[in-house]
Every structure is written in C-alpha cells, then in structure tokens.
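Worksheet: the structure to be examined is printed underneath.
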Amino acid sequence: MTEPYEIILRGGRVMDPETGFDRECDVAIANGMIAKIGTVEGGAEQEIDARGLIVAPGFIDLHAHGQSVAADRMQAFDGVTTTLELEVGALPVAGWYDRQAGIPRALNYGTAAAWIFARKAVMGGLDLDPDVHPIDQMGAGADDMRWSTEAADAVQTRAIVAHVRQGLDEGAIGIGLPNGYAPGAGVKEMSDICDLAFEYGTPTYTHIAYLSNIDPQSSVDSYVRLIGLAGATGAHMHICHLNSTSLMDIERVTELVAKAQEQGLPVTTEAYPYGTGATVVSAGFFMDPDFTKRTGSAYSNVELIHNHHRFIDREDVVRARDASPTDLVMWHFLDVELNDEHRRLLDLSVTYPGGSIASDAMPWINEDGSIYEGLDWPLPDGLSAHPRSSGTFTRFLRDYVRDRAVMTLIEGLAKCTILPARVIEGCVPQIRKKARVQEGCDADLVVFDLETLTDKAEFTAMNRASEGVRYLFVNGVAVIAEGALDTAASPGRPIRCQPT
C-alpha cells in the first residue's frame with residue numbers, strides 16, 4: 001500500500017510568520033507541497049523526528065549575486081530556499097533563465113531586468129551575452145565610462161527603456177536599478193524607467209545614486225530622490241542594503257523612509273548584518289577625488305578579496321581597476337566590533353520595522369579573480385566571496401534573536417520570509433505559495449536547531465558553511481538532511497514575473 005505522504009516531520013515547533021502560528025505539531029509533505037499541518041495520522045515514506053527543532057518557511061533572499069551551484073549550496077546551510085538576483089539583474093533575461101536551466105540549481109532562482117546593462121549596451125557598446133555572469137558584466141566597460149557619468153539623450157533613453165521592457169516581457173522580477181554605479185543618469189531617464197515599472201506592476205531594486213555624507217549629492221539626497229520618484233511615478237522603490245549605502249547617515253535615512261511609508265508611498269528596504277560591503281574595483285564612486293572626505297572612509301578600508309591587498313590611495317585603486325576591472329573588493333565602512341556607535345547604526349538598519357534581511361551575497365571567486373563555476377563540495381579553500389555569502393541569515397538570527405534578544409523569533413523569521421515575499425509577490429504569483437508554512441503551499445522549509453544555529457564564515461575563511469540547519473527542503477526535496485548536503489539534489493525552479 002502506498003503511503004499518503006512522502007515525508008512527515010514529527011513534533012517540531014512549527015512557525016508561520018504570516019499567520020503567527022507557533023506550536024509543536026506535525027507537517028506532512030506530498031508532491032512537493034505541504035499537505036497537512038497538525039496531528040498527522042498514518043505513515044510516510046520517510047518520517048523525521050523534529051522534536052526540539054524549529055520548522056519554518058525557507059528564507060527568501062532578494063539580493064543574491066552568486067547564482068551558481070556553489071552559491072546555492074552555501075546559502076542552503078544559511079536556510080535560504082529562494083535566491084534572487086534583483087539589485088543588478090540580467091540582460092538578456094530569457095537567455096539568463098535558459099542558462100540557469102542547464103545548471104543543477106539546488107535553490108529556486110530568478111532575476112530582475114538589468115537597467116545598467118541596457119545603459120552600457122546603448123551608451124558604451126556592451127554586448128549583452130547571457131553566458132557572461134552579471135558580476136563580470138558589472139565590471140565591464142571601464143575603458144569607456146560614459147554609461148556611468150553621462151545623462152542619456154532622448155534617443156538613448158528610448159533604447160534603454162526598450163531593452164528593459166523586453167526583459168520584463170521575458171519574465172524579469174522587476175528592474176534592477178543600481179544608480180550608484182551610473183550616477184550620471186538623469187531624472188528624466190529615471191522617471192521613464194519608473195513609469196515602466198509602474199506600468200508592469202513590478203518593483204525597482206535601487207542602489208542609491210550617491211555614497212556620501214556631505215551635500216550636495218549625499219546619501220540623504222539620494223533617498224529623497226528615490227522617495228520622490230515613488231511619489232511622482234507610483235513605482236515601488238525597493239531600496240537595497242540600507243546599511244551600507246547610508247554610511248554615517250543611517251539614522252536620518254531611516255527617518256525619511258519611515259515618513260514616506262507613513263504617507264503610503266510604495267517604498268521598502270532591506271539590510272544585511274555586516275559592517276563590510278563588497279563590489280567591483282571599477283565602481284565609479286572609488287574614483288571620486290574626494291572619496292575619503294565624502295565617505296569618511298580611508299582607502300585602506302577597501303580590500304581586494306582575492307589577495308587581501310589594502311589600497312593606499314586613489315592611484316592604487318586606478319592601477320587595480322586598469323589591471324582587472326571585474327575584481328571584487330570589500331569595503332570595511334563600519335567597525336561594529338569595536339565602535340559602539342557603528343554597532344548602533346547597523347542595528348538601526350537591520351531592525352528597521354518591516355525591512356527584509358537580504359544578503360547581497362557575492363559570487364565565489366578563484367585566486368586569479370575569475371568566478372568559480374565548479375561543483376566541488378566542500379568548496380575549495382582557495383575560494384573567496386564575502387562572509388555574507390555564507391552566513392547572513394544564520395548570523396542575523398543568532399545575533400539579533402538568540403544572543404541579544406533584540407526581537408522575538410517569529411519577528412526575526414518574518415524578516416527572512418514573509419516580508420521579502422511581500423516585496424515581490426504582487427507580480428510573482430509563485431511567491432504566494434512560498435514563505436509560508438500553510439497547507440497547500442510549496443514545501444520550501446528550513447528545519448533548524450536554534451541553540452546551535454550560527455554563521456561560521458570569517459573574512460579570513462569565507463567558505464565555512466553555517467551550522468544548525470538540520471534539514472532544508474526545496475519543493476519537497478531534501479537539499480540538506482541530517483545536517484549534510486545532498487550534492488545530487490537540484491530541485492531549484494525558476495521564479496518569474498507575470499506582468500499585470
């Protein structure tokens with residue numbers, strides 16, 4: 001006789017942040033779905049003793065640049081079941097999804113349409129190649145920076161909008177709008193892009209235009225501009241990494257975002273629990289002659305990831321950019337271990353009410369700076385990324401929920417699940433079946449031990465997987481079982497928009 005269920009999780013503490021459900025009971029899985037919650041009679045092909053463990057929705061990461069088998073595996077141990085490239089995005093979108101379909105993805109995946117690649121294609125002659133990783137595309141075009149520094153004319157703007165529209169037609173989850181890498185873009189162009197987002201009922205994912213605590217062109221200037229675009233066009237402006245782009249103005253910008261939300265403007269945000277950011281060495285803001293004055297950060301706070309070289313001055317960065325513009329760097333902008341004020345500022349961004357946790361996870365790179373596309377497990381020791389590529393969500397739950405009790409567990413889980421889901425589910429019906437432990441929803445589940453849950457990655461050892469996740473199910477398939485990765489599991493499915 002065939003058992004009615006494939007898997008039954010017995011006796012775990014089942015928590016659903018959307019409804020507030022929180023009690024010890026069983027969860028049955030059948031056909032990739034949550035079939036029953038409560039007291040489950042009968043048997044299953046597999047029964048798992050979940051007593052003493054938390055059973056929660058798998059985490060949704062809105063901001064993950066890795067998008068590879070290696071990245072999926074490390075994020076699985078961080079509790080992530082859906083990993084999305086939204087801040088930058090990809091072009092061509094259909095080609096990106098086709099390429100991912102040929103990769104054994106362990107996690108659900110998706111992308112936005114890359115406004116900045118459309119800009120490079122129109123203004124800098126970039127070839128839109130789906131086989132080139134988006135992070136490598138971000139580093140391309142350093143020999144002709146007009147796409148970054150100049151405003152588009154009317155003809156160019158129409159061409160840029162056309163590229164992005166095609167990406168939306170191909171299922172992109174909104175528009176990646178990293179304005180900080182092309183601060184020369186004019187308000188006319190930005191408003192046209194936001195009109196397009198409103199037309200399609202999709203969000204934009206914005207990296208603010210200016211990284212500076214000094215007017216003019218300050219971080220505060222950038223936030224007011226984005227809030228103004230939301231009000232003027234009706235576009236949903238999702239502001240990426242509230243922590244890193246605000247620098248020392250975090251307190252002021254959280255006040256501005258809160259006021260905008262109180263007025264009903266479609267503005268949301270996210271943060272990650274680190275005081276160190278990461279980007280490509282060719283990022284234009286490093287070239288500002290007043291970089292140290294405007295950001296309050298010395299060049300020695302900027303570090304090449306693959307060899308840990310700390311820069312001396314602007315000329316040192318220029319040499320590295322000219323040698324390899326796609327190389328990744330870390331920017332240690334807050335010292336949260338030794339500076340109490342820096343810790344307070346980071347906490348303001350991470351605990352912002354209604355804000356999501358999102359990793360900004362970087363790709364895994366080889367010692368020569370190229371992106372690692374291999375299938376080895378565990379990851380080779382020579383690889384680098386950023387600790388947030390391994391431990392963002394576990395670090396957040398360990399620090400803010402368990403160790404410091406800044407918020408309750410159900411509140412912390414909401415920031416990892418239902419809050420990011422609400423950012424995108426208006427245009428992505430698939431997400432309405434995720435980020436929830438409810439009957440009829442997808443069996444994207446994380447089962448973890450709160451007492452042992454912790455990040456292990458450090459800046460000197462980034463490829464250490466987090467601990468405490470005992471099981472991770474993606475569409476009902478165990479990617480992690482009894483704390484071990486199943487390297488043969490590849491149940492990840494594409495997540496795509498259905499434009500309104």
(request) Could you tell me whether E425 and R432 make a salt bridge, using a distance below 4.0 angstrom between a side-chain N and a carboxylate O? (result) no
(message) Checking the side chain of D376 only, and the main-chain atoms of L379 only, is there a donor and an acceptor separated by less than 3.5 Å?
(response) no
(request) Identify, with sequence neighbours excluded, every residue that meets side chain to side chain donor-acceptor pair (under 3.5 Å) alongside H63. (result) H65, E87, E270, D360
(message) Atom CG of residue position D368 - does it have more than 12 heavy atoms of other residues, nucleotides or ligands inside 6.0 Å?
(response) yes
(message) Looking at every heavy atom in both A140 and T326, which two are closest together, and how far apart are they?
(response) N-CG2, 4.3 Å
(request) Mind jotting down which residue pairs meet the ring-ring contact (aromatic ring centres under 6.0 Å, His included) criterion with at least one end in residues 75-94? Sequence neighbours excluded, please. (result) F77-W377
(message) We want to know whether Q75 and T83 form a side-chain donor-acceptor pair, criterion being a heavy-atom distance below 3.5 angstrom.
(response) yes
(message) Run the salt bridge (Lys or Arg N to Asp or Glu O under 4.0 Å) test against E458 and tell me which residues pass, sequence neighbours left out.
(response) R464
(message) Show the nearest heavy-atom pair for residues V164 and A113, with the distance to one decimal.
(response) O-CB, 4.0 Å
(request) Not counting sequence neighbours, which residues clear ring pair (Phe, Tyr, Trp, His ring centres under 6.0 Å) with H236? List them please. (result) none
(request) Could you tell me whether the side chain of L383 reaches within less than 4.5 Å of the side chain of I365, counting heavy atoms only? (result) no
(request) Taking the six-membered ring for Trp and the single ring otherwise, decide whether the centroids of H308 and F459 are under 6.0 Å apart. (result) no
(request) Drop me the distance from C194's SG to M237's CE, to the nearest 0.5 angstrom. (result) 4.0 Å
(request) Would you name the heavy atoms of A435 and I60 that are closest together and state the gap between them? (result) CB-CD1, 3.7 Å
(request) Please name the pair of heavy atoms, one in V469 and one in L472, separated by the smallest distance, quoted to 0.1 Å. (result) CG1-CB, 4.3 Å
(message) With salt bridge (charged side-chain N to carboxylate O under 4.0 Å, His left out) as the rule and sequence neighbours excluded, what pairs involving residues 181-190 come up?
(response) R119-E189
(message) Applying salt bridge (Lys or Arg N to Asp or Glu O under 4.0 Å) to D316 and R319, what does each step give before you reach the verdict?
(response) CA-CA 5 Å; D316 196 13; R319 286 191 292 272; 3.5 Å; yes
(request) Answer with yes or no whether the side chains of H332 and E303 bring together a donor and an acceptor at under 3.5 Å. (result) yes
(request) Drop me the distance from I424's CD1 to T82's OG1, to the nearest 0.5 angstrom. (result) 8.0 Å
(request) Supply the atom-to-atom distance D221 CG to D215 CG, rounded to the nearest 0.5 angstrom. (result) 6.0 Å
(message) Quick test of your reading: applying ring-ring contact (aromatic ring centres under 6.0 Å, His included), list the pairs with at least one residue in residues 159-188, sequence neighbours left out, ordered by first then second residue.
(response) Y181-H207, Y181-F285
(message) To the closest 0.5 Å, what do you measure between OG (S218) and CZ (R294)?
(response) 7.5 Å
(message) So, taking the atom named CG in D61 and the one named CD in E85, what distance separates them when rounded to the nearest 0.5 Å?
(response) 10.0 Å
(request) Please list, chain by chain and in numerical order, all residues satisfying side chain to side chain donor-acceptor pair (under 3.5 Å) with R321, sequence neighbours excluded. (result) none
(request) Give the C-alpha distance, both sets of side-chain angles, the deciding distance and a yes or no for side-chain hydrogen bond (donor to acceptor under 3.5 Å, both in side chains) between T233 and D195. (result) CA-CA 6 Å; T233 68; D195 280 346; 4.8 Å; no
(message) Assess, by modelled atom type and distance only, whether the side chains of K456 and N463 contain a donor and an acceptor separated by less than 3.5 Å.
(response) no
(message) Using every non-hydrogen atom in the two residues, find where D444 and N108 come nearest and quote the distance to one decimal.
(response) OD2-ND2, 2.9 Å
(request) Any ring-ring contact (aromatic ring centres under 6.0 Å, His included) involving residues 352-375? Give me the pairs, sequence neighbours left out, ordered by first then second residue. (result) none
(message) Whether E199 and R165 form a salt bridge (side-chain N of Lys/Arg under 4.0 Å from carboxylate O of Asp/Glu) is what I want to check.
(response) yes
(message) Quick check against the 3.5 Å criterion: does S384 have a side-chain atom that pairs as donor or acceptor with the backbone of H306?
(response) no
(request) Tell me, yes or no, whether the heavy-atom count around E255 atom CD, taken from other residues, nucleotides or ligands under 6.0 Å, exceeds 12. (result) yes
(request) Step through the shown structure and confirm whether more than 12 heavy atoms of other residues, nucleotides or ligands are within 6.0 Å of CZ on R493. (result) no
(request) Answer whether the closest heavy-atom distance between the side chains of R422 and T268 falls below 4.5 Å. (result) no
(message) Using 0.5 Å steps for rounding, measure from the CD1 atom of I214 to the OH atom of Y210.
(response) 15.0 Å
(message) Could you work out, with side chain to side chain contact (heavy atoms under 4.5 Å, CB included) as the rule, every residue matching T295, not counting sequence neighbours?
(response) L247, F291, S297, W331
(message) Quick one about S359 and T392 (side-chain donor to acceptor, distance below 3.5 Å, no hydrogens or angles considered), yes or no?
(response) no
(message) Contact between M190 and L229 at the side-chain level, heavy atoms closer than 4.5 Å - yes or no?
(response) yes
(request) Indicate whether the side chain of D249 and that of Y223 have a donor and an acceptor atom separated by less than 3.5 Å. (result) no
(message) Restricting to non-hydrogen atoms, name the atom on I305 and the atom on M462 that form the minimum distance, rounded to 0.1 Å.
(response) CG2-CE, 4.3 Å
(message) Between K433 and D442 (salt bridge meaning N to carboxylate O under 4.0 Å), is one present in this structure?
(response) no
(message) Under the salt bridge (charged side-chain N to carboxylate O under 4.0 Å, His left out) definition, can you give me all pairs with a residue in residues 120-136, not counting sequence neighbours?
(response) R99-D131
(request) Quick one: which residue pairs count as a ring-ring contact (aromatic ring centres under 6.0 Å, His included) with a foot in residues 97-152, not counting sequence neighbours? (result) none
(request) Among L62, V93, L84, find the residue that satisfies the side chain to side chain contact (heavy atoms under 4.5 Å, CB included) test when tested with I173. (result) L84
(message) When you compare the side chain of P183 with that of S148, does any pair of heavy atoms fall below 4.5 Å?
(response) yes
(request) Sequence neighbours left out, what pairs pass salt bridge (charged side-chain N to carboxylate O under 4.0 Å, His left out) with at least one residue falling in residues 227-238? (result) none
(message) Tell me whether T269 contacts the main-chain N or O of I239 through its side chain, where contact means a donor paired with an acceptor under 3.5 Å.
(response) yes
(request) Compute both the distance and the angle, then confirm whether R388 meets the cation-pi test with Y274: under 6.0 Å from the six-membered ring centre, within 45 degrees of the axis. (result) no
